[in-house]
Amino acid sequence: MNLVNTSMPRKLIFRYLPFLVFVCIALILPLLLPPFRLNLLGRFLSLGIVALGIDLIWGYTGLLSLGQGIFFALGGYALGMHLQLQNLAPGELPEFFGLYGVKTMPAFWQPFNSGIFTFFAIWIIPALVAGILGFLVFRNRIKGVYFSILTQAALLVFYNFFNGQQRLINGTNGLKTDTARFLGELVGSDGMQRNLYLLTVLVLFLAWLLCKWLIRGRFGDALIALRDDEQRLRFTGYNPTAYKTLVFVIAGALAGISGALYTVQSGIVSPQFMAVPFSIEMVIWVAVGGRGTLVGAILGALLINFAKSLISEQLPETWLFIQGALFLLVVTALPDGLVGWWRNGGPNHLLAMLGRAPKAATYPSLDLDPELKS
Amino acid sequence: MITSLSVVSCSGEKKAEGGFDGEVKVGILHSRSGTMAISENTVAEAELMAIDEINAKGGVVIDGKKLKIVPVEEDGASDWPTFAEKSKKLIDQDKVAVVFGGWTSASRKAMLPVYEAKDHFLFYPIQYEGQECSKNIFYSGATPNQQAEPAVDWLLKNKGKDFFLVGSDYVYPRTANTIMKEQLKAKGGKLVGEDYLPLGNTEVAPIIAKIKQALPKGGVIVNTLNGDSNVAFFKQMKAAGITPANGYSIMSFSIAEEEIAAIGPEYLEGTFAAWNYFQSLDTPASKKFTADFKAKYGDKRVTNDPAEAAYMMVYLWAAAAEKAKSVDDNKVREALVGVSFNAPEGKVTVQPNHHVEKLVLIGEVQKDGMFKILENQGFKKPVAWNQYVPETKGFTCDWTQKRPDAGKYKM
Amino acid sequence: MMTPILELQAVTVSFDGFLALNQLDLKLEAGELRAVIGPNGAGKTTFLDVITGKVRPSSGQVLFKGKPLIGKPEHHIARLGIGRKFQTPRVFEKLTCRRNLELAVAKGSSPVKLLLKPLTIELRERVQQLLLLVGLGAHDQQLAGGLSHGQKQWLEIAMLVAQDPELLLVDEPVAGLSDEETIHTAALLKELSGSHTVLVIEHDMDFIRDLQAPVTVLHEGHVLCEGPMDQVQADPRVIDVYLGREEDQP
Amino acid sequence: MNLFLDTLFNGLAIGSVLVLAALGLAVVFGLMGVINMAHGELMMLGAYTTFVVQNLLKTGPLEGLFPIYILISIPLAFLVSGLAGLLLEATVIRRLYGRPLETLLATWGVSLILQQFVRSVSTAFALGLLLSVALGLFVHRFLPSHWWQQRWAPLLNFVNWLLASAIGIGLAASLGSVRVLDQAWFSARNIDVTAPQWLRGSIDIGSVNMPVARLFIIGLTIIALVSVNWFLQKSVWGIRIRAVTQNRSMSNCLGIPTETVDALTFLVGSGLAGVAGVAVTLLGSVGPNLGGNYIVDCFMVVVLGGVGKLLGTVLAALGIGVLSYVLGSGSLLLVWPTMPAALNELITFFATTSMAKVLVFALIVVFLQFRPAGLFPPRGRMVEV
Amino acid sequence: MPVLDIHALNVYYGESHILRNVDLSVQPGQMVCLIGRNGVGKTTLLKTIIGLLQQRSGSVRFEAKELEDLAPHQRARSGIAYVPQGREIIPQLSVKENLLLGLEALPGGLRRHRHIDPQVFELFPVLEGFLQRRGGDLSGGQQQQLAIARALLGKPKLLLLDEPTEGIQPSVVLDIERAVKRIVATTGISVLLVEQHLHFVRQADWYYAMQKGGMVASGPTAELSKDVVDRFLSV
Ligand SMILES: Nc1ncnc2c1ncn2[C@@H]1O[C@H](COP(=O)(O)OP(=O)(O)OP(=O)(O)O)[C@@H](O)[C@H]1O
Ligand SMILES: Nc1ncnc2c1ncn2[C@@H]1O[C@H](COP(=O)(O)OP(=O)(O)OP(=O)(O)O)[C@@H](O)[C@H]1O
Ligand SMILES: CC(C)C[C@H](N)C(=O)O
Ligand SMILES: [Mg+2]
Ligand SMILES: [Mg+2]
C-alpha cells in the first residue's frame, strides 16, 4: 500500500472544495436575501443539523428513530425557557404562569436563569435523555422496527406530557422567543436574526465535520458492521450497546442544538415539535437526500423544506400529494436518495438510457485476481 | 411605513382594471390543511366573501381613490409555528396591510409575538379565553364574559348547580375552565369534576365513567372540547345514556352549526350552546348573510358564529381604513376604536380594548341541526382581563389611553 | 498440573425438555489443537454457543483459565480471548474485506479508542498479510457481501485469526471449500496451535486426519469417546452413529 | 364487585376497538413484516364507505334497509379497503419486501396522499385521475412495441406518465370550473355517520350499563378474530404467508406463488382495517384525520403482543384497554380511598385521560424492558431479539 | 433431447459479469456434476436455472421450453427442485410444515396434497423425530437433510443440488449419495449437482468444470482425470 501520496494536498482541496463553496455561498447570502427568506434559510439549515444526526443513527447504524422530535424540542425548550427568564424584574414570573394561577416558579426553571447553564443544557439534556432511553432500549437488544415504534411511542409520551402541562411549561402554547431580549437585542429583530443565521451556518459546518470524523475511520465501520450483523460484532468483542448508545446520544445532542437554533429563528417552541409527523418528516429529509451520505441529509432538509414552503404558499392543497408522491418515488425509485443516486453513477445510467453506451462492464473480482490468471 | 408602499396608487395616470385606482393587499391566514382545516375553511370563506362584497361596492375608498382589496392566502396547516412563519412571510414578503387569520388560541399565541415584534396588525375572528389584550391584535370573537360566563349564569339559574367540566387539553379549555371554576365559586355552583382529552383523541370511555360517578342523577356538563373529540364524546355520551332526557344539561362552547352537521344532529338534539350569532337569528341582516353565503358556496352550507365574526371584521377593518384615510396599520389601529358596522348579529362597535360589543345568545340544538334561541341577553361589552380570576381581577385594557401599560392596568 | 485453559463441567442444555447437551465434561489444555466430531445434532454448535455466551446452560459450569464464564455477555467473553467462527459464514456484508479484518484486529475496542487511536502500522500489515494468506488479496476492496460462499468462509477464518484470541473455536471451517483450500486451512490451524488453543469442529474426515490432533466424539450431548484419530475411527460406536460403512454400498 | 365488572367491561370495550383496529396490522406487519403506516387511512376508507352506504340508504328505493346499513357496510368496507390495499401492494409494497423501514416511509407517503385525497376528491378530480391512470397504463399499447425494448424505455415510460398526469390535471382543472363537478365529495370537514336507532341506546346487565354500540363492536371483534384465526391456521394460506415472509426467495423456489400470497395477505389485512373503520364510526368522528388517531396505538398493541401472534395482540389490546380505563377514570382512588397521600396525589395527577395516556405508554416501555419482544416473543435459535 | 439445455448464457450481478457464455446440458436420467473452485459461479448458474437471477442473454430451456419469462414458482411447479447452498430452511415453521412446503410444487399444491411420503424418513430418520420442532432450531446438518427431503417431496424431474453434503456427517453423506443414485436410477429424474467432494463427484455420469464464470471442460466422470482436477479444482 502506498501511504505517501504526493498529490495529497491537491486531492484534499478537491475533496473539500464543494464545502468551501458551500460555506462561501452561505456567507454571501445574507447580503442578497431579504430578511424573510434569509430567516427561512437559517431555519432550514438548522434542521440540517438534526438531519445529520438522523443520518448518523439511521444511515450508518441502521437505527431508525422516529422520536428525534423529543430531543429537538428539548433543546428548543431549554433555550426558550432561558429567554423567557431574560429581563424579568426580580421576583417576576413569565407572564403565562399567571393564567394558570402559578405563583412560584417551578424549581426546574431556576437554573435556566443562567446563560452558561443553558448553553450546556441545550445539548446535554437531550443527550442525557437519549442516553437513558437508548441504553434501556439497546441493552435489551431491541432493534429494527421495534426500536422505531418504541421511539415513536416515547415521542407521544413526551408530546402528551408537554401538551398537558400548562402549569409547568405553558402546554400547547409553547414558549415564544421573538419578543425576548438577548444580549440587549430583540431576538426577533432582523439584525439578531442575521447573526443567528451566521451562527447556524457555523454550527452546521461543525456538526458536519464532527459526523464526518465519526464515520470516516473504523468507528464508522463498526457502526456499519453493527447494522449488518450485530451479533457477529459482539462475538468479535465489541459491545454494541455502547456504540449504539453513543451514536444515539450524539444524534440527540445534535437534535437539541438544532432545536435551539430553530426555535430562536422561528420565534416559538411548542409541543408541535414533538408531533408524530414532524419526526417522520425528519427521516424523510434524510431518505430523500440520501442516507449514509451526510451531505444528503443537509441537502434533503433544505430541499424538502423549501419545496414545502414554496408549494404550500402557492397550492396548499397539493402539498400533501406532492410530499406523499415524493416519498413513494424516493423509496421505490431512488432507494439511495439523491446523493446516493448521483454517487452510484445515476447520471451515467441516464446517459446510458439515452444511447450513450455505459462503460463496458468487467468482472473485477475475477479479472483482478492474480491467482486466477491461469 | 412599509405597508403604505403596498398601495399601488397610480396617481390617476392609468386606471387599474375594474375602475379601481389601486390595490391594497391583505393576508388571509387559516389552516387549509390538517386537523383544523375543517373549521377554518369556513372562516376563510367568510372573509373572502366580505372582501368580494366590498370590492363589488368599489373597494376601500381613501381620499376618493378606490382601492381594490387583494387577498393573499396562506395556509397555516394546523401547525402553530407555521402560523408564525406565514405571518412573517405575509408581513415581510407580501407586505400586506393587515392579516385576517387564526382560529385556535394556540395559533394566535404563536402569532402574537410576530405581530408585536414587527408592530403589525392581526384580526382574529374566534371566541377565545381572554386574559390577553394586545395592541397588535383585534379580536372580533367573544371574550369569556360574552359567552362562557353568561352561559354559566344561565345554567346556574335554570339547570342546576352541579357542574362537570370537560375540555380538550390545551389553552382555551384550560383557561376557560379556570375562569368558570372561579365563577362557580363566586356564584354558589359546585364543581364535581373535570377532565381533559388530548386534541384529536377519541377514546372517551374513562371520561364518561367519571361523569357517571360524579353526576349519577343528572347535572350540568360544560363541554369545551374542540375538534374531532366532540364527535366521539357525543356519540358515546348518547350510548351511555347521558342525555338531556335523563336529566343532563350539556352546554358546549365550540359547537356551532357546522359542527352539528358533522357530528349528526341526532346526537346533539337538546344540548345547549352559547354564541353571539346563530344562523337561526331572525333578523334581515342575518338572513341576507346566510343567503349570500349559500349562494356563494353552496346550498348545503351553513353559517355560524365564527363565520359571522370573520365576515364582520373585514368590514370593520375597511371602515376603519376609510375613517383613517389610510391603510397604514398604525393609523387604522387608532381609527378602529369606535368604528361600527351592521353585522348579521346586529350593530357592533369596536371598543377601546380592541374587542367588540357582542350579542349574547343561548341556543338549544334542534332536530334539523339549527339552534332554537332560548334566551337573548342583549349586547354585552367585552372584558379582556377576567374579573373572576383573582390574578386579573381589577385589571383592564384600553388602547385609547396613552400610557405604557395600556394593555393591562389596574382600574 | 496447570489449570486447563477451558473446562466444561457437567454442562447441560435443555430446549423445552430436549437435552442438546447432557452432562458434558470437557477439558482443553493451553496450546492444544483439538478436533471435535459427532453426528448432526450431537450438540457441537450448541457447545460453542455455551462457551461464547450465546446460550445459557441449564446447569453446569464453564471455566476459562479457571474463571467462570457463564452469565457473562458475549463481547465480554470475546474480549477474554475466545474467538469463534460460525457454522454458516458470517461476515459484515456492507464492509470491504479489508475493513472486515481491520475491525477484527481491533479486538473489540471501546468506541473512544476506536475513534481516537488510528490503526498501528503493525496491525495494518497484519491485515494485509491475512488478506494474502486467505487469497483475498485482490478482493480487498470488494464488499464482503459479494463474495462467494467459500470466499466468505475464508474471510471469516481470517477474521478469527486477526482477532488473535487465545482460544479459537472453529465451526466447520472447510464446508464448501475446495480440497486445496481445505489442506491450506488445516495447515493454518496447525500452525496456530501451540501459541493458541484451537478447537475445530468438522465433518470432513480427510481434514480431521490432516490435523493430526486428538479427536473428541460428541454424541447426544455428551462425549462418546476421545483419542487419536485412528483409534476413534476404528471405534465401532463411532462407526455406527457417525462414520457409516462404505462397504454397505449396494 | 360492581366496580370490577364496570372496569372489566369498559376495559374490554376500549380493548376491543384496539384489537379490531390492530388485527389487520397484526396480519400485515406481524406476518408480512410490512410497516403499514397507511393502515389508519385504510380504516378511514372503511369509515367513508359506511358514510356513503348510509347516505345511499337514507332515502330512495332501498330505504327499508337503512336500519341495517351498518351490516351492509361491513363487507363493502372490507372490499373497498382491501382493494385499496391491493393497489398499494401492487404498486409500492411489492418493491419493498425485506426492507421494513422503507415500507414505513413509503406507506407514510401513501397515508398523506389518501388523507388529502378524501379532502380534495370531487367529480372533476376523479375524472382527471381516471384519465391520467388510463393514459398512463394504456398509451404504450399503441406505441410500437419495439420501442419498449430499447434502452430508453424507462425514460419513455416516465415521460408517458408525466404527460398522462399533465393531461389528467388539465382535465381536472378545466372541469373544475364547472360548479357541480368541482364540489368536493367529502371535503376536509368531518362527516356525519349516525348509527341506526338500535345501536344508539344501552342495556343494563346487572348494575353495569353497556352501550349497544360497544357490545356490537365486541361481537364484531370476536367474529373477525375467529375468521382470521381460521384463515391463518386452517387454510393453506397461513403456512404460505409465514413461509413467504420468512424466506421469500426460497418459498418462491419451492413453488409458492409469492406475489399472489403477498397480494392476498395484504388484501385481508387492509380489508380488516376497513371493517375496523366501520366500527369506529359508531364511536367517534369520521374525517380525514381518523387514521392518525389510531396508528400509534395499533403499533403499540402489535409490538406489545409479540409480532405475528394473534393471541398476543388480543391480550395486549385488552391489557392496554383495562389499564387506560383504570388509570384514566381514577378508579384506583375509589377502590382504595385510604391510600397514602403521596400516592393519592400521584394517581390524581395521572387520572386525566391525557395523562393516563402518558402513563400507559411509559408503562409499555417499562414492560418491554423485561420482555423486549412482547408478551409472546418469537423463539428459537435463529431468532435474534 | 436434453432435460435441461443451457446455451450461451450470460449473467450479471449489477455490472459484474459472472457467467460468460455458459453452455451446459443434462440428459434425462443423467446425473451431472458441476465442479470448480470457490467463487467461479456455480451457485450463480443454479440460481439462474431456478429463476432467482435473470439472465442478460442466452437461453435456458427445460424440456425444450424456454424458462426466461417464468417466475421461480412456475419453474418449481414445472418440475425443477432446488436445494440451495446454505439450506434456506423456513426457520419459524416446524419441520413438518417445512416438509409440507415441498408439496407445493406438485400439481394443485398444498391444497390438494397434505401427505408426507414416509419414504423420506427412511432416508433421513432424524427428521421423523423432530417433526414438531422449529426448522430453524435444527442443527446445521439436520437442516441440510431437511432441505434435501423437502426438495424430493415435490417429485421433481430435475433436481438442482448445491453442495448438498456440506455439513453433513459422513454416514449420512454416504446415505445421500446412495439415495441420489438410487432415485436417479429408479425414477429417471435428472440431477445437476455442485460438489466439492470428489467422492460424490465420481458417482455422477458427466462432469462440467467451470472457471472464471466460463465452462472450461466437460466429459464423462470416468474421464475426470487427476490432471483436470488439478487444473480446475486446486490452486
Ligand atoms: N433453540 C433450540 N430449540 C430447540 N432445539 C434446539 C435448539 N438449538 C439446538 N437444538 C437442537 O439441539 C441439537 C444440537 O444441535 P447442534 O446445532 O448443537 O448440533 P451440531 O452438533 O452442531 O450438528 P451439526 O453437525 O449438524 O451442525 C439438535 O438436535 C437441535 O435440533
Ligand atoms: N450478490 C452478489 N453480488 C455481487 N457479486 C456476487 C454476488 N454473489 C456472488 N458474487 C460473485 O460472483 C462470483 C460467483 O459466485 P458464486 O456464488 O456463483 O460462486 P460459487 O462457484 O458458487 O463458489 P463457492 O464454491 O464458493 O460457493 C463470486 O466471485 C462472487 O464474488
Ligand atoms: C374554542 C374554539 C372554537 C376557539 C378557541 N379560540 C380555541 O382556542 O380553539
Ligand atoms: Mg453445528
Ligand atoms: Mg456456491
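Just so it is clear, the values below take in all heavy atoms, side chains as well, and ignore hydrogens, waters and symmetry mates. In what follows, chains carry the letters A, B, and so on, assigned in the order in which the sequence lines appear, proteins first and then strands, with residues in each chain numbered from 1.
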Shortest non-hydrogen separation from D:Met250 to E:Tyr82 and the atoms involved: CE-O, 3.5 Å
E:Ile90 and D:Asn247 have their tightest heavy-atom pair at CD1-CB, 3.7 Å
Exercise: identify the closest heavy-atom pair between D:Gly255 and E:Arg77: O-NE, 2.8 Å
Do other residues, nucleotides or ligands put more than 12 heavy atoms under 6.0 Å from the CD atom of E:Gln119? no
So, the part of E:Ala81 with a heavy atom under 4.5 Å from chain D: the answer is neither
Interatomic spacing from CG in E:Leu52 to CG in D:Asn252 - rounded to 0.5 Å: 7.0 Å
Leading residue by heavy atom contact count with chain D [cutoff under 4.5 Å; candidates E:Arg133, E:Glu88, E:Arg114]: E:Glu88
E:Leu93 vs D:Arg242 side-chain heavy atoms within contact, under 4.5 Å: yes
Heavy-atom distance under 4.5 Å to chain D: side chain of E:Arg111, backbone, both or neither? both
Which of these, D:Ile239, D:Val236, D:Ile256, sits in a side chain to side chain contact (heavy atoms under 4.5 Å, CB included) with E:Glu104? D:Ile256
Less than 4.5 Å to any heavy atom of chain D: does that hold for the side chain of E:Ile50, its backbone, both, or neither? side chain
What distance do D:Cys253 atom SG and E:Leu101 atom CG have between them, rounded to the nearest 0.5 Å? 12.5 Å
